[in-house]
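The sequence lines fix the lettering, A, B, ..., with proteins before strands; numbering per chain opens at 1.
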Protein chains: 2
Amino acid sequence: MAKPNAPITEHLAYLLAQANREINRQLELRLSKEGVPVEQWRILKVLSDGNGHSMGELADAVLLNHPTLTKMIDRMVSDTLVYRVQDPNDRRKVLMFISDRGKVLSKKLNTLAVDQEEHILESYGNKSTSELKRLLESLIDSSN
Amino acid sequence: MAKPNAPITEHLAYLLAQANREINRQLELRLSKEGVPVEQWRILKVLSDGNGHSMGELADAVLLNHPTLTKMIDRMVSDTLVYRVQDPNDRRKVLMFISDRGKVLSKKLNTLAVDQEEHILESYGNKSTSELKRLLESLIDSSN
DNA sequence: TTGAAAATATTGAATATTCAAGAATTGAAG
DNA sequence: CTTCAATTCTTGAATATTCAATATTTTCAA
C-alpha cells in the first residue's frame, strides 16, 4: 500500500487535501453571499453557544494559529460581530463573545452551510456521507 | 442531518479541514527533514513521470492556483530541481520537467511520505484506511 | 486573411499568514 | 516573599498568497 512509485492520487494526504479543497471551495461560494470567509463562520459558530472562549481555545477549535486568529478577530471586532472581555479569573486570557449582530449573521451563515451539506447528501448519498464522517472522526482521534 | 444548531464538529466541511490539517502537519514534519514544503513534494512527484507538464496542468494536479505555482516553480528552478521548456506545439504553454537533482530529492521525499502512510496504517488500521480512501475518491468524483 | 475572442503564463500591488520577539500575568520552587 | 519559568496573547517584520492586469500565442469566424 502506497508504494514509492504510486501516483500521488493514491496518497491519503493528497486525497484529503483534494477533498478538503473542493468542499471548502463550495462552502466559500455560498458564504460569499454574505461576504464572509469560512473561518469567520467557524468562529461565529463556536461562539454562538453564548459562552466566553479564550483565544487559545478558539484557535484550536477553528483551526487557525494564534496570530492569524488575533488579526481576524480584530476585523470582526471592527465589524461588531464579536467582542473581547478580559478573563477575571486569569488576566492573561481574553474571553471572546458573540454580539447580537454576530448572532443574526451566524444564523444566516448556518442556513447556507446546511444548504451545502444537503446538496452533498443529494449527490453523494446519505450512507456514504455518514460513513465518511465516522471514518474522519476516527482518523482524527487516532492522530492524538 | 447537520441541523442549524449542530456543533461545528458535525459538519463534513469541518471534519475534512481538521483531518487534512492534522495529516498535513505530520507530513510537513517528515518532509522538513529535507527542508521541503508539501507542495514541492507534490510537484516533484507529478513531474517524476518524466513527461513535460504545462503550468495549468500542474496547478490542477498539485492543488495550487496559477500565480502561486509560478512563484514556487521560480524557487525550484533556482534550486535546479526542475526546468522550463517552451511547448513547441503551443507556444503559449510552458512545459515543466524534473531535473536529475530533482529526481534524487523526489526519491528521498517519497520514502518519507511512504513512512508516514505506514505510520497511519499502524494506528488507524488497514481496513479503515482503504475504506476512507475509497470514500474520499468517490466524494471528489461526485463533486465534478 | 484578418481581427476579435479565448487560452496560457507571468507580474506587481494588495492582502494575508507566519515566525520570532515582546508584554503581561500566573505558578511554583526555594 | 521573591524570583524565575511557563502561559497567554499581541505585535512587527518577513514571507507567501491572491487578485487584477498584462503579454503572448492560438483559435476561429467573417
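When rounded to the nearest whole Å, the span between CG of B:Leu69 and P of D:dT17 equals 11 Å. The nearest whole Å value for the distance from the CG atom in A:Leu64 to the P atom in C:dC19 is 14 Å. Per the geometry, CG belonging to A:Leu63 stands 12 Å off P belonging to C:dT18, to the nearest Å. Across the protein-nucleic acid pair, B:Asn65 atom CG and C:dT11 atom P stand 16 Å apart, rounded to whole Å. One interatomic measurement links the two molecules: CE of A:Met72 to P of C:dA16, which rounds to 8 Å at whole-angstrom precision.
When atom types are taken as modelled, the side chain of B:Tyr124 and the backbone of A:Leu135 share a donor-acceptor pair closer than 3.5 angstrom. A distance-only check finds a donor-acceptor pair linking the side chain of B:Ser99 to the backbone of B:Thr80 [under 3.5 Å]. Not a single donor-acceptor pair under 3.5 Å links the side chain of A:Ser54 to the backbone N or O of A:Val94. The closest donor-acceptor contact from the side chain of B:Glu117 to the backbone of A:Leu12 lies under 3.5 Å.
Applying the side-chain hydrogen bond (donor to acceptor under 3.5 Å, both in side chains) criterion to B:Asp60, with sequence neighbours excluded, gives no partner residue. Taking A:Thr9 as the reference, nothing meets the side-chain hydrogen bond (donor to acceptor under 3.5 Å, both in side chains) condition, with sequence neighbours excluded. Partners of A:Arg25 under the salt bridge (Lys or Arg N to Asp or Glu O under 4.0 Å) rule, at least two apart in sequence or in another chain, are A:Glu22. For B:Arg21, there are no salt bridge (Lys or Arg N to Asp or Glu O under 4.0 Å) partners two or more places apart in sequence or in a different chain.
Under the 4.5 Å side-chain heavy-atom criterion for Ile, Leu, Val, Met, Phe, Trp and Tyr, A:Leu27 and B:Ile140 are members of distinct hydrophobic clusters.
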What's touching nucleotides 12-14 of chain C from the protein side, N or O pairs under 3.5 Å?
{"unit_1": "C:dG12", "atom_1": "O6", "unit_2": "B:Lys71", "atom_2": "NZ", "d": "2.8"}

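A heavy atom lying under 4.0 Å from DNA chain D marks none of the residues of residues 22-43 of chain B. For the segment residues 53-61 of chain B, the set of residues with a heavy atom within less than 4.0 Å of an atom of DNA chain C comprises B:Ser54, B:Met55, B:Gly56, in numerical order. For the contact set between residues 73-97 of chain B and DNA chain C, defined by any heavy atom under 4.0 Å, the members are B:Arg84, B:Arg92, B:Lys93, B:Val94.
Counting only residues at least two apart or in different chains, salt bridge (Lys or Arg N to Asp or Glu O under 4.0 Å) contacts with residues 69-79 of chain B comprise B:Asp74-B:Arg84. The salt bridge (Lys or Arg N to Asp or Glu O under 4.0 Å) pairs that include a residue from residues 99-108 of chain B are B:Asp100-B:Lys103, where partners are two or more places apart or lie in different chains.
In this structure, A:Val104 shares a hydrophobic cluster with no other residue, the cluster being traced through Ile, Leu, Val, Met, Phe, Trp and Tyr side chains under 4.5 angstrom apart.
Between A:Thr68 and the phosphate of C:dT18, there is a side-chain N or O to OP1/OP2 separation shorter than 4.0 Å.
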Indicate every side-chain donor-acceptor pair of residues 31-43 of chain A with a distance under 3.5 Å to a residue at least two apart or in another chain.
{"unit_1": "A:Ser32", "atom_1": "OG", "unit_2": "A:Leu29", "atom_2": "O", "d": "2.6"}
{"unit_1": "A:Trp41", "atom_1": "NE1", "unit_2": "A:Asn110", "atom_2": "OD1", "d": "3.1"}
{"unit_1": "A:Arg42", "atom_1": "NH1", "unit_2": "A:Val62", "atom_2": "O", "d": "3.1"}

